[in-house]
Each structure stands twice: as structure tokens, then as C-alpha cells.
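This report concerns only the one structure given below.
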Amino acid sequence: MTGSALDIELDEVTLARARRGDMDACAHIFRCFHQAAWAVAMRICKCRETAHEVTQEAFITAFSRLRQFRGEAPFWGWLRRVVVNHAISTMRKSRLQEVELEDHHAVDAPQQDRVGDSIDLEAALATLDDDDRTVVWLHDVEGYSHAEIGEMYGLTESFSKTRLSRARAKLRDLVAMSREPAAVGESG
């Protein structure tokens, strides 16, 4: 079983070779981090084709700016920021309305209940506008601070705080509303 991208260590030799333009080293880095980068892009863009484009563009940018990576943080953190910046930029340009939900399958009944909740959450997230959904994802899942999110958007920290607060309120309302009919049906 493979670990997360955070578990992948990039050795200094490969990094140095990639900085010099060695295509084999760049291909190795791409293979190691492609899936994790695509997953981040997919969460923000919600469109498989766009996520692939964002991922490709992010790697092109990362390889062209590899000398800017100073190694003060893990490579994945730096690359993830490149991917997020490309995804946000792409979303701003295209303002995608199409949402693709992933298939969810469960092995047993208790797991099926949790899958239902995740589908409800996915559907609720899909109703948010692009910026709200992205801020929720970056803050609550990826762990970015409000200051970092504001910086990514070229806005203030309060932009992120406001968007997150409004999005969470809308998500709470949507999830609560989706559960009300089931509760009414069970009592009658």
C-alpha cells in the first residue's frame, strides 16, 4: 500500500538532477507526485479534464521554477501550492459550472451509511460557488491558514474567513435540510 504524498521523500540527488534539467529525474518526480497533485486539482476544479490540465500546467511551472524551491519545507508542500495556485487561476478564468461526483461504493451496511453522508457532503459542496468550495477545501482539508488562502487569491485574510464562515453555514443548512425528510418519513 502506498502512503500519502507527504510520505514521499525526494532525495537531493534527484532534485539536483531535475534542477539541471535532467528529464529522467523530472519524470521520476512526476511519477511520484502526479496522483496526489491531480487529487488536489480535482478537489478544487471538480472536473476531471480540468484537473488533468491544471496538473500538467502545474508540473510545467514547477519544473521551470525548480530552482526557487529552497528545501526549507517538504517538496510536496511547495508543489501542492503550485497546483493550488494553478487551480484557483483556472477557476477564476473559466468559472466552471459542471460538477462531476465520484462513485461511492461500500462493502457493508455501516459503511454504506457513511458513504451516504459523504455523498450528501459532496452534493452540498457542489452547490457552493467555486471560491467558497475552494476555501473550504484549502482550509478544512489541506490545512492552509486564512492568511495563506488570502495570499493565494491576492486578497486579505478576512476574505478567507468570511468565505469559510458563509460556506460552512450554507453546508450546515443543506445537510440539515437533506436529513429532515428522512426523519419525517420515519416517524409517520
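- Residues V136 and L155 are members of one and the same hydrophobic cluster, defined by side-chain heavy-atom contacts under 4.5 angstrom among Ile, Leu, Val, Met, Phe, Trp and Tyr.
- With contacts defined as side-chain heavy-atom distances shorter than 4.5 Å, the pair V40/W76 qualifies.
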Report task. Could you check F30 against F63 for ring-ring contact (aromatic ring centres under 6.0 Å, His included), going step by step and ending with a plain yes or no? Result -> CA-CA 10 Å; F30 180 82; F63 290 135; 7.5 Å; no
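- In this structure, the separation between CG on L15 and NE2 on H28 is 10.5 Å, given to the nearest 0.5 Å.
- A salt bridge (Lys or Arg N to Asp or Glu O under 4.0 Å) check over residues 20-42, counting only residues at least two apart or in different chains, returns the pairs R17-D22.
- Of the possible polar contacts, one joining the T162 side chain to the S158 backbone as a donor-acceptor pair under 3.5 Å is found.
- Sorted by first and then second residue, the side-chain hydrogen bond (donor to acceptor under 3.5 Å, both in side chains) pairs involving residues 143-154 (not counting sequence neighbours) are R80-Y144, R81-E151, D131-Y153, H139-H146, S145-E148, H146-S160.
- Ring geometry for W78 against F69 counts as tilted: the plane angle lies between 30° and 60°, on a 0 to 90° scale.
- Between atom OG1 of residue T55 and atom CD of residue Q35 there is a gap of 9.0 Å, rounded to the nearest 0.5 Å.
- Of all the heavy atoms in A18 and I29, the pair that sits closest is CB-CD1, 3.6 Å.
- Atom OG1 of residue T50 and atom CD of residue E57 lie 12.0 Å apart, to the nearest 0.5 angstrom.
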Query - Worked check of side-chain contact (heavy atoms from CB on, under 4.5 Å) between L79 and F59 - result: CA-CA 8 Å; L79 179 60; F59 273 101; 3.8 Å; yes
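- The pair K46-D130 does not count as a salt bridge, with every side-chain nitrogen at least 4.0 angstrom from each carboxylate oxygen.
- Summarising the geometry, atom CZ belonging to R168 is positioned 14.5 Å from atom CZ belonging to R166; distances are rounded to the nearest 0.5 Å.
- In this structure, CD1 in I44 is found 8.5 Å from CE in M91, a value given to the nearest 0.5 Å.
- Contact detail for M152 and L138: the closest heavy-atom pair is SD-CD1, 4.0 Å.
- In terms of modelled atom types and a separation under 3.5 Å, the side chain of T14 and the main chain of L10 share no donor-acceptor contact.
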Query raised in the report: Are D129 and R133 close enough, and set up right, to give a side-chain contact (heavy atoms from CB on, under 4.5 Å), and what steps lead you there?
Result: CA-CA 6 Å; D129 75 24; R133 186 181 61 247; over 6 Å; no
Requested in this report: List the steps, then state whether side-chain contact (heavy atoms from CB on, under 4.5 Å) holds for E53 with T90.
Outcome: CA-CA 9 Å; E53 291 172 20; T90 299; 5.9 Å; no
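- Taking OG from S165 and CG from D132, the interatomic distance works out to 10.0 Å, rounded to the nearest 0.5 Å.
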Requested in this report: For side-chain hydrogen bond (donor to acceptor under 3.5 Å, both in side chains), just list the numbers for H86 and T61, CA-CA rounded to whole Å, side-chain angles, deciding distance to a tenth of an Å, and then say yes or no.
Outcome: CA-CA 9 Å; H86 270 279; T61 298; 2.7 Å; yes
Query - Stepwise side-chain contact (heavy atoms from CB on, under 4.5 Å) test for I149 and L164 - result: CA-CA 11 Å; I149 295 168; L164 184 62; over 6 Å; no
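- Nearest heavy-atom pair across V54 and C45 is CG2-SG, 3.9 Å.
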